[in-house]
Every structure is written in C-alpha cells, then in structure tokens.
Amino acid sequence: MSKATIEKISNLCKRRGFIFQSSELYNGINGFWDYGPNGVAMRRALEQAWWNYMVEARDNVEGQDSTIICHPQVWKASGHVDQFADIMVDNKISKKRFRIDNLLEQQSPEVLQALADSFETEADVAKLEASFETQVEQKTELVKVILNDCKVIDPSTKKPGDWTEPKQFNLMMQTYVGPVFDEDHKAYLRAETCQPIFINFHTIATSMRQKVPFGIAQTGKAFRNEINPRNFTFRSREFSQMEMEFFCHEEEAMDWYNYWRDERLKFYKDVLNFRPEATRTHDHEKLAHYAKAAMDIEFEFPFGWGELEGIHHRGTWDLSQHAEHSKQKLEYFDQARNERYIPTVIETSVGLDRLMLAILCHAYDEDEAETQKEGKETDVRVVLRLPAVVAPVQVAVLPLSKKLSESSEKIHKDLQKNFRSAHDVTQAIGRRYRRQDEIGTPLCVTYDFDSEEDNCVTVRDRDTMTQERISLDELQGYIFNKLNA
RNA sequence: GCGAGUGUAGCUCAAUGGUAGAGCAUCACCUUGCCAAGGUGAAUGUCGAGGGUUCGAGUCCCUUCACUCGCUCCA
C-alpha cells in the first residue's frame with residue numbers, strides 16, 4: 001500500500017524544487033505548472049529514456065519535432081475543432097451541467113417539438129443543436145428563455161430545470177497568426193502531437209527512405225482548455241505528450257497493435273521498474289467510430305486509477321481525413337505487395353507530465369530510520385525510490401567536514417562528466433543524507449578524514465542505507481554498475 | 001459555471017477586536033563529526049488584494065482574485 005497522497009507529493013515537489021504552480025507570484029494560474037531544477041532534470045531524463053527506447057534503439061521508428069501551431073485546417077480535418085467545442089448549460093436547481101446535445105437526446109418528443117417551434121425548425125436533435133449553436137454564437141438572451149419556457153427536463157431529476165444561459169466551451173486553445181486579429185487569422189495550439197505526424201508522413205517516409213511498416217515519434221507540448229484541471233499535474237491545460245504513430249498494412253495491424261502494447265508494458269516494467277500491481281490495462285468497451293481496438297495503461301494514483309497511456313488502432317481514419325481535406329492522395333505504394341493503400345495506424349500516446357507524477361507517486365516512501373535526536377530512537381524518513389535513470393541527482397558527493405570540501409569537489413567534478421552529480425557541504429552529514437533521500441538520489445559518496453590517507457570513500461545506498469568502502473580508482477566503474485543494475 | 005472550503009514566514013500551522021508568533025526548514029560560526037546530532041547566532045511577513053464598520057481589524061461586514069474539493073467534461 002502506497003504511503004503517497006497527492007498532498008504529500010505536491011508539498012515535496014514544491015519544497016524540493018520539482019514542480020510548483022505556474023505564476024505563483026500572481027496567485028497562480030489554474031492548470032499550469034512549472035518544473036524546478038530537480039523536476040526538469042528528471043523530466044528531461046524521462047523524456048530521453050522514452051526517446052531512446054522508442055526511437056534511438058530502433059531502425060523502424062523515426063523522430064520529428066513539429067511546430068505547436070499548424071495550419072488551422074489540420075484541426076478541422078482531425079475533428080478537433082468540432083469535437084472540442086460543446087455548448088454547455090447549467091441547471092441551477094440540481095447544480096448539474098449538461099452538454100446541450102446530451103440534453104436534447106434525453107428530451108421527450110413534446111419538448112423537442114416545443115423547441116422546434118421556438119426555433120422555427122424541425123424536431124430533430126441535430127437540427128436543434130445547430131439552432132442552439134447559431135443562437136449562442138449571436139449571444140442572444142433568447143436561448144435561456146426558450147429552454148425554460150419549453151420546460152426542458154433535467155435528466156438527473158426528471159423535472160424541468162432552471163436553466164442558465166448556454167455557453168460555448170472551446171477545448172482547443174486559440175491564437176492569431178499575424179498582427180491582425182480576425183477570423184481569417186485564427187489558429188489553434190495543437191491539442192495533441194500526433195496530427196503533425198500524420199501530415200508529415202509522406203515527407204518523412206521519402207526523406208528517410210522508410211518503407212511501411214515504420215513509425216514516427218514526437219514529443220512535445222499540447223494544449224487543451226480543460227474545464228476543470230484537477231489532481232495536481234494529472235490534468236493540466238498545457239502538458240507534454242510522447243507519441244508514436246506506426247504505419248502499417250491493415251492485414252498486419254492487429255499484430256502490430258499487440259506488439260506495441262507489449263513493448264510499452266515492457267517499458268514500464270524494465271525501464272521504470274514499476275511494480276506489477278501499480279499498473280493495469282483497460283480495454284476500451286466503447287470505441288471511437290474510426291478505431292478497431294483501443295486500450296489504456298492505467299496507474300493507481302493516490303486519487304484512484306488514471307490513464308497514463310493509450311494504445312490505439314486508429315485504422316486509416318487520420319490519413320483519410322487529411323487526404324480528404326487537403327485533396328492530396330495520401331496513399332502509399334507498397335512495392336513488396338505491389339499495392340497502393342492508405343496505411344493503417346497504431347498509436348502509442350503517453351502523457352509525460354502524468355508519467356512524471358506516476359513515477360513520483362510510485363517512488364514515494366516513508367520508513368523508519370534511527371536518529372540521534374534527543375528523546376527519540378527512530379524517525380520517519382521520507383525517501384523517493386526513483387529509478388536511477390530518471391533520478392535528478394544520481395550521485396551526491398558529501399565531505400564529512402567542510403574542511404574536506406576541496407578534495408570532495410574534485411571527485412564531484414570528475415563524476416559530473418558521466419553522471420548527474422551534486423556536491424553538498426552544508427550542515428550535518430545525516431541531514432544531507434536525508435535531503436538526498438527526499439529527492440531520490442540513489443548513491444551518496446562520503447569523503448572523510450581517512451580518505452586523505454587511504455584514497456577510499458564511503459558509498460551509501462539510498463534504499464538499504466548500507467555503506468561500502470570503495471577505492472577512488474574504482475569509483476566511476478562502481479557507480480556505473482550500481483546505477484545500471 | 002454552480003455549491004462548499006481555504007488564503008498569516010520557504011513549509012506546517014497558532015494568535016477573545018488591543019504590540020504578528022511557534023515548530024520545522026534555510027544561512028553563518030563552533031564541534032575529528034557517518035544517518036533530519038549538539039551548541040551559539042542570523043535572516044524571513046503589504047496577515048491574498050481592495051473597500052467598509054470601529055478609538056483600534058489578521059480577526060467583523062462587503063467586493064474581488066487565486067487555489068482546493070464536489071458536480072459537469074475528459075476524444
């Protein structure tokens with residue numbers, strides 16, 4: 001049972017320079033988070049671990065880095081502009097909020113007819129929804145009156161609601177390209193990193209002489225106007241994704257789907273050392289209309305199970321959409337099969353910030369340690385049992401006394417060439433060990449008064465708190481082996 | 001957006017309407033000192049912001065901002 005709570009994690013993250021509220025000086029901004037020195041070190045290491053595993057170690061996956069702002073048509077083609085915009089309305093009596101399309105679907109024919117009469121249209125959900133959209137765009141007060149006059153039912157109470165003015169919720173963030181802010185210059189910040197992969201598919205296949213099946217990976221920022229950001233960094237409005245789109249022939253798609261699912265599970269197990277019970281897989285019961293198969297890899301956060309990664313069989317939907325909207329042929333000619341087709345896509349998509357949070361929750365531990373504090377035998381030790389590959393500091397060099405700091409700094413400088421090393425000279429040694437435990441440093445190297453004589457240092461292990469005397473000549477190799485164990 | 005809650009030192013939190021505090025953390029010095037050790041000292045605040053009531057407001061009232069939790073949303 002994990003001892004982590006979101007409150008403890010977020011406190012530790014702030015106290016130790018991992019993650020804190022963005023723009024705190026101005027009271028913060030909801031859904032945006034900054035990474036401090038330890039947070040950014042860990043995040044870069046994690047991103048690099050993913051990149052190495054998914055791109056660098058493979059011949060059939062290429063990398064790319066696209067712009068955050070793309071041609072607005074990209075997001076119309078992908079369906080985001082439509083699907084990310086909903087009209088919402090609140091019932092003041094039940095305090096519930098509804099999407100107008102969901103609400104319309106649950107009305108009786110009488111109510112629908114009354115609405116249709118008011119809008120001078122037909123009693124059809126799609127047509128009524130279109131009427132609502134027009135009215136809401138024109139910001140008329142009429143809609144609220146109509147909702148209430150037609151006695152639209154609240155599905156949760158089965159009674160007419162006291163409806164507020166419907167509002168348009170846009171989940172895509174908007175901006176303007178060029179100095180003139182009008183409709184013609186409207187653009188979107190990308191809501192996911194995968195669309196720019198789809199539109200670059202042919203350019204990359206050609207330039208890298210790749211043949212299907214092959215993949216393209218990208219990491220980077222994505223933006224969504226989440227209605228309600230919650231649970232620390234779990235749902236943020238600006239976040240990073242690590243996505244890979246694998247293009248293959250439809251006949252092989254399920255095999256590749258299974259292959260990538262297994263690869264991704266292996267990543268969590270072998271690279272990040274997740275305990276088996278920390279994650280689970282969850283097959284989607286309701287598939288998006290274009291999807292053939294979809295599953296999530298979930299992690300048990302202190303607030304419950306949450307999605308870390310999605311593995312999706314997207315069919316030919318995305319490339320077909322872009323082919324249609326761009327009026328370009330996005331077919332691939334497969335020489336081996338002597339066949340022309342739109343490749344099928346298998347996607348792996350993980351949230352970098354969510355994964356950071358999961359790793360922190362997974363690593364958080366409290367144990368009992370002996371103390372020399374007066375009146376106490378043991379004390380609670382807070383320790384992050386981070387895998388060495390992502391630990392912000394991999395080794396800390398600590399002189400037993402400040403007088404020894406000249407020699408210890410030389411060791412630190414030497415270790416810095418190969419590892420993320422820190423040098424800490426202030427305060428009692430025990431306190432420094434505890435500080436390093438809290439940021440998850442796997443190894444501490446202590447230089448003492450004997451070191452001058454015997455050319456040896458003490459290496460202390462974070463998890464066992466045991467110490468070993470190591471010759472300075474063997475130190476680099478010893479640390480390398482321990483960190484890669 | 002609705003409802004509830006919270007804003008005081010870096011953190012956790014005190015303070016009947018009457019001089020803003022503690023613990024921890026931080027920093028400096030001392031200590032041949034290996035697990036938040038001991039000692040001496042230091043720094044730290046527009047009490048979220050604005051207005052009002054009062055002789056006097058961190059405390060009461062109003063407004064506002066931000067955050068947290070619940071509802072809605074989460075392809």
Side-chain angles (χ1 to χ4, degrees), chain A residues 6-8 10-12 14-17 20-31 78-80 82-86 88-99 102-103 154-156 162-167 169 171-172 191-192 194 224-232 234-235 284 286-291 294 296 303 306-307 310 312 314 317 349 351 368-374 376 378-383 398-404 426-438 444-450 452 457-462 465-467 469:
Chain A
I6 280 295
E7 201 185 352
K8 283 183 191 173
S10 62
N11 278 344
L12 175 63
K14 187 181 175 188
R15 198 154 40 83
R16 291 299 182 197
F20 41 84
Q21 179 68 215
S22 170
S23 310
E24 243 181 352
L25 191 61
Y26 293 98
N27 284 323
I29 173 163
N30 200 358
S78 70
H80 283 84
D82 288 336
Q83 284 174 40
F84 264 40
D86 295 312
M88 308 284 284
V89 62
D90 296 329
N91 178 7
K92 283 194 247 177
I93 300 168
S94 68
K95 316 273 183 228
K96 299 257 163 126
R97 170 177 291 166
F98 297 93
R99 261 166 57 181
N102 286 350
L103 194 60
D154 180 328
S156 72
D162 179 5
W163 301 104
T164 61
E165 192 62 38
K167 290 208 168 134
F169 278 57
L171 267 53
M172 287 276 282
E192 56 184 26
C194 67
R224 299 178 192 184
N225 267 322
E226 297 289 352
I227 296 172
N228 209 342
R230 278 296 152 85
N231 291 325
F232 196 29
F234 183 78
R235 176 163 295 124
H284 285 206
K286 237 174 78 180
L287 294 174
H289 60 279
Y290 52 81
D296 296 334
F303 50 80
E307 182 187 343
H312 301 256
R314 297 179 71 103
W317 196 78
S349 169
E368 298 254 308
E370 286 181 21
T371 184
Q372 293 189 357
K373 271 185 178 173
E374 279 177 14
K376 277 172 123 180
T378 60
D379 205 4
V380 175
R381 179 178 78 124
V382 173
V383 53
L398 316 171
L400 200 51
S401 159
K402 231 178 233 181
K403 291 169 189 154
L404 301 166
T426 62
Q427 299 187 323
I429 188 74
R431 191 170 299 205
R432 281 179 275 162
Y433 283 145
R434 291 293 202 272
R435 272 206 289 257
Q436 295 299 331
D437 289 341
E438 262 198 334
C444 291
V445 170
T446 306
Y447 190 91
D448 61 26
F449 290 94
D450 296 336
E452 306 272 82
V457 288
T458 307
V459 180
R460 179 261 197 186
D461 181 277
R462 173 194 69 200
M465 291 194 274
T466 53
Q467 296 173 311
R469 197 78 181 158

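Scope of the values below: all heavy atoms of this structure, side chains included, with no hydrogens, waters or symmetry mates. Please read all numbers here as calculations on a predicted model, not as lab measurements. Order of the sequence lines fixes the chain letters, A, B, ..., with proteins taken first and strands second; residue numbering starts at 1 for each chain.
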- Item | A:Lys403, nearest nucleotide to its side chain (from B:U32, B:U26, B:C35) | B:U32
- Message: Working note: A:Phe232 + A:Glu7, criterion side-chain contact (heavy atoms from CB on, under 4.5 Å); need CA distance, chi angles, decisive distance, verdict.
- Response: CA-CA 9 Å; A:Phe232 196 29; A:Glu7 201 185 352; over 6 Å; no
- Task: Write down the distance separating the P atoms in B:U6 and B:U12, rounded off to the nearest Å.
- Result: 16 Å
- Closest to the A:Arg435 side chain: B:C35, B:C73, B:U26? B:U26
- Query: With no hydrogens and no angle check, is any side-chain donor or acceptor of A:Arg435 less than 3.5 Å from a backbone partner on A:Arg16?
  - Reply: no
- Message: Between B:A9 and B:A15, how far apart are the two P atoms, rounded to whole Å?
- Response: 15 Å
- Message: Between B:G38 and B:C11, how far apart are the two P atoms, rounded to whole Å?
- Response: 24 Å
- Query: If you measure from the P atom in B:A37 to the same atom in B:G23, how many Å do you get, rounded?
  - Reply: 15 Å
- What closest approach, in Å, do A:Arg469 and A:Asp448 show between heavy atoms, and which atom pair accounts for it? NH1-OD2, 3.0 Å
- Query: Looking only at side-chain N and O atoms, does A:Thr426 come under 4.0 Å of OP1 or OP2 in B:A28?
  - Reply: no
- Message: At less than 4.0 Å, is any side-chain N or O atom of A:Lys402 found next to OP1 or OP2 of B:C30? Yes or no.
- Response: no
- Query: In whole angstroms, how far is the C1' atom of B:C35 from the CZ atom of A:Arg381?
  - Reply: 9 Å
- Length of the line joining A:Asp448:CG and B:U31:C1', which is rounded to integer Å: 17 Å
- Might you point out which heavy atoms bring A:Leu404 and A:Tyr447 nearest each other, and give the distance in Å? CD1-O, 3.6 Å
- Write down the distance separating the P atoms in B:C47 and B:U59, rounded off to the nearest Å. 10 Å
- With sugar-phosphate meaning primed atoms plus P, OP1 and OP2, does A:Gln467 contact a base, only sugar-phosphate, or nothing at under 4.0 Å between heavy atoms? base
- Message: Could you measure the distance from the SG atom of A:Cys194 to the CZ atom of A:Arg314? Nearest 0.5 Å is fine.
- Response: 4.5 Å
- Task: Once you apply the 3.5 Å cut-off to both distances, tell me the Watson-Crick or G-U wobble partner of B:C34, or none.
- Result: none
- Looking only at B:C34, B:C67, B:C35, the nucleotide nearest the A:Gln21 side chain is B:C67
- Is the shortest side-chain N/O distance from A:Asn225 to OP1 or OP2 of B:C73 below 4.0 Å? no
- Query: When all nucleic acid strands are considered with a 4.0 Å heavy-atom cut-off, which category describes A:Glu438: base, sugar-phosphate, or nothing?
  - Reply: base
- Using a cut-off of less than 4.0 Å, is there contact between a side-chain N or O of A:Arg431 and OP1 or OP2 of B:A36? no
- Between the side chain of A:Gln467 and the main-chain N/O of A:Asp461, is any donor-acceptor distance below 3.5 Å? no
- Note on the structure: Separation of B:C27 atom P from A:Arg432 atom CZ, nearest Å, is 11 Å
- Query: Under 4.0 Å between a side-chain N/O of A:Gln427 and OP1 or OP2 of B:C27, yes or no?
  - Reply: yes
- Message: Using the P atom as the point on both nucleotides, what is the distance between B:C2 and B:U64, in whole Å?
- Response: 11 Å
- Query: Side chain of A:Asn30, base of B:C67: donor and acceptor closer than 3.5 Å?
  - Reply: no
- Item | Base of B:C11 paired with side chain of A:Arg15 (donor-acceptor, under 3.5 Å) | no
- Value in whole Å for how far the C1' atom of B:A25 lies from CG of A:Leu12: 13 Å
- Message: Rounded to whole Å, please give me the gap between CG in A:Leu400 and P in B:U31.
- Response: 14 Å
- Task: Pick base, sugar-phosphate or nothing for A:Ile429, based on heavy-atom distances below 4.0 Å to the nucleic acid.
- Result: sugar-phosphate
- Query: Does the B:C35 base have a donor-acceptor partner in the side chain of A:Arg460 within less than 3.5 Å?
  - Reply: yes
- Which is true for A:Asn11 with a 4.0 Å heavy-atom rule: it touches a base, it touches only sugar-phosphate, or it touches nothing? sugar-phosphate
- Message: Going by purine N1 to pyrimidine N3 plus the second Watson-Crick contact, or the G-U wobble pair, all under 3.5 Å, which nucleotide sits opposite B:C27?
- Response: B:G41
- Message: Taking the C1' atom in each of B:A14 and B:G58, what is the distance between them to the nearest angstrom?
- Response: 12 Å
- Query: Taking any strand in view, what nucleotide pairs with B:A9 in a Watson-Crick or G-U wobble way, both distances under 3.5 Å?
  - Reply: none
- Polar side chain donor-acceptor pair, A:Arg460 to A:Gln436, under 3.5 angstrom: no
- For the pair A:Arg432 (side chain) and A:Gln427 (backbone), establish whether a donor and an acceptor sit closer than 3.5 Å, ignoring hydrogens and angles. yes
- Rounded to whole Å, CZ of A:Arg434 lies from P of B:C35 at a distance of 9 Å
- When both distances are under 3.5 Å in a Watson-Crick or G-U wobble arrangement, the nucleotide paired with B:C69 is B:G3
- Message: Would you measure the distance from the C1' atom in B:U46 across to the matching atom in B:G50 and give it in whole Å?
- Response: 12 Å
- Start at the 5' end of RNA chain B and walk down; is the nucleotide closest to A:Tyr433 or to A:Glu7 reached first? A:Glu7
- So, is A:Arg16 close to the B:C11 phosphate, meaning a side-chain N or O under 4.0 Å from OP1 or OP2? no
- Item | Under 3.5 Å on both distances, the Watson-Crick or G-U partner of B:C55 | B:G18
- Considering only B:A37, B:G10, B:C35, which nucleotide approaches the side chain of A:Lys14 most closely? B:G10
- Query: On RNA chain B, nearest-nucleotide positions of A:Arg469 versus A:Gly31: which is more 5'?
  - Reply: A:Arg469
- Task: Pick base, sugar-phosphate or nothing for A:Asp450, based on heavy-atom distances below 4.0 Å to the nucleic acid.
- Result: nothing
- Task: Would you classify A:Ile29 as touching base, sugar-phosphate or nothing, given that sugar-phosphate means primed atoms plus P, OP1 and OP2, and contacts are heavy atoms under 4.0 Å?
- Result: sugar-phosphate
